[in-house]
Undergrad: 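Before we start, here is the structure in question, set down as structure tokens.
Both counts, for ligands and for their atoms, begin at 1 and track the order of listing.
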Amino acid sequence: MTENAAQTPSDMPIEVRLADERHACPSGKLGFGKVFTDHVFVAEYGGEGGPGWRDARVVPWRELHMSPAASVLHYAQSIFEGLKAFKGDDGALFTFRPEMHAARFVRSAERLCMPAVPEELFLRAVDKLVRVEEAWVPTAPGASMYIRPTMVATEGFLGVRPAQSYTFFVIVGPVDAYYAEGFAPVKIWVEREMCRVAVGGMGAAKTGGNYAASLYAAERAKKRGYAQVLWTDAKEHRFLEEVGTMNLFVRIGDEVVTPPLDGNILPGVTRDSVLTLLRERGVRVSERAITIDELRQAADAGTLREVFGTGTAAVVSPVGVLGFEDGDLTVADGKPGELSVALHDEVVAIQRGRVADTRGWVHAIP
Ligand code: COI
């Protein structure tokens, strides 16, 4: 159900209706994904209105109104994105590589048989909402505004087929630095029973179902004393895939390995950025399959130097301990590795406009 440009004019206006009462960003701890602003962007597709996106608007925050029979509530036809906005030292507003998120949203939509949101509309919706809520973009070190574009199937119909009506909305909220207690390595359980995705499934799409599939294993790992799981392939549980909700990187000797985008792996924007920065540093980087055996052999040989995850929320998250049925494996000295720290600091500096943007990654919000 790919949207065609003629059905949604590229200069489609976005109406702005401001709330009568506007709140200030609360002071104190924000956490992650708990605080939202006064407005929401909404647009609709299909139904009585026919194909094409319509009624794009920024309106006061409101609950979504939909039929209890809406397809998303039954068959999980939904996709989302996560990106961040930052306020520079001079008050200018930026987002980081928003066009990559817009393009991934189109690919996720295709996998879920949903209409594409034209990239240009996605980008303008994000810019418009962040600009309206600019007073909420935090400036504390590490804090930012998290942006959550989402599309859900709204048709009230219980037959199993792609819905004929959809809502695309964007919500935003200020978030704290991900590491409230510092950049501490996490303990991760290597999951060898359950899986998040399988070959031919939806692993490359950012869709709620993949996250729902991850909850049981993650909760079980927490009960065992681990922060998250390291996902292995669904068939043999030999190949490493992702770590929690993040892409995985393993540094063995002088090589940094990350699993290839084979359909099971989410094509992360931070993953791509970290790969670029590593290559620019002259580090040998391989997008290739890596097994548990290879990881354990490297640990035995003393060549396992770092394991870390990458994602929008935490940027880079070092792994200190990997848990197996026969005991824990400490990664190197259990402290954040030098590349984890350097990559985290470099990405954050680029995002905040503190170093020159030589790669065209930073988008200034008009
Ligand atoms: C990220 O690392 O940015 C994620 O995908 C986590 C998000 C689902 C909260």
Side-chain angles (χ1 to χ4, degrees), residues 30-36 72 76 78-86 95-105 107-108 111-112 122 126 130 142-152 169-180 183-186 188 196-197 201-219 221-222 227-231 240-249 258-259 261 264-275 307-319 336 340 343-344 347-348 350-352 361:
L30 297 163
F32 178 85
K34 294 182 185 164
V35 177
F36 300 99
V72 64
S78 74
I79 57 169
F80 70 94
E81 274 300 317
L83 63 162
K84 284 178 172 172
F86 307 88
T95 48
F96 185 69
R97 311 191 73 182
E99 68 295 332
M100 277 197 85
H101 291 276
R104 189 170 65 184
F105 202 60
R107 293 196 305 274
S108 296
R111 180 64 181 81
L112 274 287
F122 178 106
V126 167
V130 174
S144 58
M145 178 178 270
Y146 187 74
I147 305 165
R148 173 53 65 90
T150 308
M151 193 204 313
V152 293
F169 61 90
V170 186
I171 54 176
V172 296
V175 298
D176 281 326
Y178 198 80
Y179 300 109
F183 194 62
V186 286
I188 297 289
R196 165 191 165 269
V197 299
M202 304 191 294
K206 204 154 176 77
T207 179
N210 290 339
Y211 295 79
S214 76
L215 297 177
Y216 194 96
E219 286 303 297
K222 280 176 203 153
Q228 253 299 352
V229 298
L230 195 162
W231 296 107
L240 308 182
E241 292 196 334
E242 293 192 3
V243 54
T245 60
M246 307 180 86
N247 290 119
L248 173 74
F249 285 77
T258 192
L261 300 180
N264 278 4
I265 307 293
L266 188 80
V269 176
T270 313
R271 174 188 183 278
D272 183 82
S273 308
V274 159
L275 282 173
V307 177
F308 56 91
T310 64
T312 296
V315 184
V316 174
S317 177
V319 175
S340 313
L343 290 164
H344 174 269
V347 173
V348 168
I350 298 168
Q351 289 177 330
R352 289 175 179 273
W361 286 353

Undergrad: Kindly determine whether R111 and T207 satisfy side chain to side chain donor-acceptor pair (under 3.5 Å), including the steps that lead there.
TA: CA-CA 9 Å; R111 180 64 181 81; T207 179; over 6 Å; no

Undergrad: Could you tell me which atoms of ligand 1, counted from 1 in the order shown, lie closer than 4.0 angstrom to a heavy atom of K206?
TA: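 Counting from 1, the qualifying ligand atoms are 5 (O).
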
Undergrad: Would you mind checking which non-hydrogen protein atom is closest to atom 9 (C) of ligand 1, with the distance to 0.1 Å?
TA: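 Among all protein heavy atoms, the one nearest atom 9 (C) of ligand 1 is F32 CE2, 3.7 Å.
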
Undergrad: Do NZ/NE/NH1/NH2 and the carboxylate oxygens of R196 and E242 come within less than 4.0 Å?
TA: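 Looking at R196 and E242, the cut-off is met.
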
Undergrad: Checking the side chain of R148 only, and the main-chain atoms of E81 only, is there a donor and an acceptor separated by less than 3.5 Å?
TA: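 Present.
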
Undergrad: May I ask you to decide if G244's main-chain N or O and W231's side chain share a donor-acceptor pair within less than 3.5 Å?
TA: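 At least one qualifying donor-acceptor pair exists.
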
Undergrad: Tell me which protein heavy atom sits closest to atom 4 (C) of ligand 1, plus the residue, atom name and distance to 0.1 Å.
TA: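 Going atom by atom, the protein heavy atom closest to atom 4 (C) of ligand 1 ends up being T245 OG1, 3.8 Å.
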
Undergrad: Can you tell me the protein heavy atom closest to atom 3 (O) of ligand 1 and the distance?
TA: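 For atom 3 (O) of ligand 1, the nearest protein heavy atom is A313 N, 2.9 Å.
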
Undergrad: Please could you name the atoms of ligand 1 that G311 approaches to less than 4.0 Å, counting only its heavy atoms?
TA: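 The list of qualifying atoms is 2 (O), 3 (O).
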
Undergrad: Just need the protein heavy atom nearest to atom 8 (C) of ligand 1, so name the residue and atom and give the distance.
TA: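 Minimum-distance protein heavy atom for atom 8 (C) of ligand 1 reads Y211 CE2, 3.7 Å.
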
Undergrad: Ring-plane angle category for F183 and H344, please: parallel below 30°, perpendicular beyond 60°, tilted otherwise.
TA: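 Ring orientation, 0 to 90° scale: tilted.
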
Undergrad: So does L30 get a backbone contact from the side chain of D176, meaning a donor-acceptor N/O pair under 3.5 Å?
TA: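 A pair under 3.5 Å: yes.
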
Undergrad: Identify, by atom number and element, the atoms of ligand 1 in contact range of T312, meaning under 4.0 Å from any of its heavy atoms.
TA: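 Listed by number with element: 1 (C), 2 (O), 3 (O).
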
Undergrad: Return a yes/no value for Y146: is any of its N or O atoms, backbone included, closer than 3.5 angstrom to an N or O of ligand 1?
TA: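 There is no such contact.
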
